[in-house]
Novice: 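This is the structure, below, for whatever I ask next.
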Protein chains: 2
Amino acid sequence: MNIGEIALRAGVSRSTVSYALSGKRPVSEETRRRVKQVVDELGYRPSASARALANGRTSTLGLVFPPAGNHYTGMQLDFIGSVVEAAAARDHDLLLSPSGVDSDRSFQRLLGERRVDGAILMEIRLEDDRVDHLTSVDFPFVAIGRTAHPERGWWAGLDHTALVEACVHHLADLGHRRVAFVNRPEQLLRTGYESARRGLEGFTEAAAERGLTARTYCCDDDAASGRACLQRILHDDPATTALVTLNEAALGGLYRGLAEAGRQVPHDFSVTGVVAARWAETVTPQLTAADVPAAELGRLAVDLLMERLDNPGTSPRNHLLVPPISLRGSTGPGPTAL
Amino acid sequence: MNIGEIALRAGVSRSTVSYALSGKRPVSEETRRRVKQVVDELGYRPSASARALANGRTSTLGLVFPPAGNHYTGMQLDFIGSVVEAAAARDHDLLLSPSGVDSDRSFQRLLGERRVDGAILMEIRLEDDRVDHLTSVDFPFVAIGRTAHPERGWWAGLDHTALVEACVHHLADLGHRRVAFVNRPEQLLRTGYESARRGLEGFTEAAAERGLTARTYCCDDDAASGRACLQRILHDDPATTALVTLNEAALGGLYRGLAEAGRQVPHDFSVTGVVAARWAETVTPQLTAADVPAAELGRLAVDLLMERLDNPGTSPRNHLLVPPISLRGSTGPGPTAL
DNA sequence: TTGAAAGCGCTACCAA
DNA sequence: TTGGTAGCGCTTTCAA
């Protein structure tokens, strides 16, 4: 069934049906009613493909994120969910593209075949060829996170440096002197993954500033790795009394390792970091952490993208979020406070 | 840039370009080369909208999942990830639709506007109006899970009844006599959510068969509810020595509640259930559980859908998975075994 | 082996 | 206030 069918049955022309539906041209109340009635009766809906072809907009946004193998983090999920809903609220669909790099087929399809009006890029790297490419062809996109040169871009992100610094200061204030940093997987750090890099930077600087003895570790995104990482930490420096982590997926493993090593949290070991709230709350005791506002980031990203799409040529806007640390139960006084 | 441009530069007709690209008609080696060269030079890719309009296929699959209102579980996360990647592997994109009910706008857009060739439906209910609707209009879809009448449908699912029964038998074999069942949220059970219903059914039957004293609970999808639920369990029957759960998100809370009540897992309380492996491994001790093969389900669903799309009219196929229980550390001998 | 042209279903311009 | 019609960019049939 197509628009011609409707026109026929309503006894008007196809253009009139189109206008009656879109409201882009005045239509007499009389015809409008008749058209709507036929449309309702037949359950007619205009074909998205035809419409996209005709007016050059697909009403679809792309969400680009690296294929994670099997490991999507809870934060990513929250984020995807909020993006879908924000897009739906604006009558846009969301097309998923598992693409870490510019050359991925799926990425090429998304852009080359013009399947989407604009895109949101997750998991930004400091040097990101996807960002470079999209910028160079002036394709409308919003990044989640900042590259090394965030000045002239559209993005919404977290100030990982400040967040991790805040964690370190919190621990230092509590009297901890020997602390560890549990980062995301090494491969992510090496490839310049933003949060891993900026988080590490914040940790190193704040630790130096406070004169702490600090060690940094990379840790794969699963519980087993978290446990192993914790063992390494205590092996390398048994006097370590606290850690900061960005690694949500390893959290349970870190706790397990601590329990196995006979360390009580927070009594003789403090744990903190940057983690989505609902993950911070799954461990016992609950994690004192800077809560990643994944849902808010998703909404902001969609807002920015729609704004960019509606006003081509506007100068770039961005949002840098610095959520506060939520005090829960995983940090306590360190040795010097005793 | 369009196909006409390519044709012009290659000195051939538009149809020849089309055929040179699709290979659906023999083209002389000579012209084929020339066309390809121009295409590569200009980085030409045919417009997805135009192609979709012309041949009636969008090369896009839809994934219909419930609104995030209450957040997603880890299993859903794994599942979505595997579906995206399986689709990408077959050169199909994935369109997300946060849709609960038949009347949902986004659901209508996806199907009514023919944005996708087929769909995968998550979170099936025993009586599911989405399934009924799609079946009645003969729209190609695959369900994740079975409705009450699974005979004539395309689906991939888990045998929750058998899985939970296996858990109960495992506990009974260990000598537990008083057991509890921690289900998904009450609202899901009430609305006929498949896993909640079938799981409950399996629990009740197996418990009766083994002559166990059994209580069943609903529990919201978060750690705090898990903790509260456990308190209720011990309050209702302090002699309870084991529980079976389907509720991944509550798991951490259940453990916390047990710890607070002074119960050692597995020494004086056993915990088991149906949970994705990587979540079973985040708690201490690791959960003995039937591992939900979320990734495999995702792959299977995409396989089925592609099969259905490629062979319209084929008789329905399905996969019922019954993964074994993985023995980890959370179950131990019950009172009668002592 | 290739080209011309008729759609696919819609939007929007030009006339009336 | 309405209708006719020319695209949008591709695929595919019909002819050559």
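A note on names: the letters A, B, ... follow the listed sequences, proteins ahead of strands, and every chain is numbered from 1.
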Novice: Output yes when a side-chain donor or acceptor of B:R90 lies under 3.5 Å from a complementary backbone atom of B:D303, and no otherwise.
Specialist: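 Flag not set: sc B:R90 to bb B:D303 has no pair under 3.5 Å.
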Novice: Using 4.0 Å as the upper bound for N to carboxylate O, is an ion pair formed by B:E194 and B:R197?
Specialist: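 Salt bridge absent between B:R197 and B:E194.
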Novice: What do the steps show when you test B:R130 against B:F141 for side-chain contact (heavy atoms from CB on, under 4.5 Å), and what is the final call?
Specialist: CA-CA 10 Å; B:R130 301 168 305 171; B:F141 74 99; over 6 Å; no
Novice: Atom CG of B:L8 and atom P of D:dG9: how far apart are they, to the nearest Å?
Specialist: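 Spelled out: CG on B:L8 to P on D:dG9 is 15 Å.
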Novice: I'd like to compare against my own output: the B/S/- annotation of nucleotides 9-16 of chain C with a strict under-4.0 Å heavy-atom distance to protein.
Specialist: BBBBBB--
Novice: Residues in salt bridge (Lys or Arg N to Asp or Glu O under 4.0 Å) with B:E151, at least two apart?
Specialist: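 Salt bridge (Lys or Arg N to Asp or Glu O under 4.0 Å) check on B:E151 returns nothing, list empty.
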Novice: Quick check: are there more than 12 heavy atoms from other residues, nucleotides or ligands sitting under 6.0 Å from CZ of B:R9?
Specialist: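 It does not: B:R9 CZ has 12 such atoms or fewer within range.
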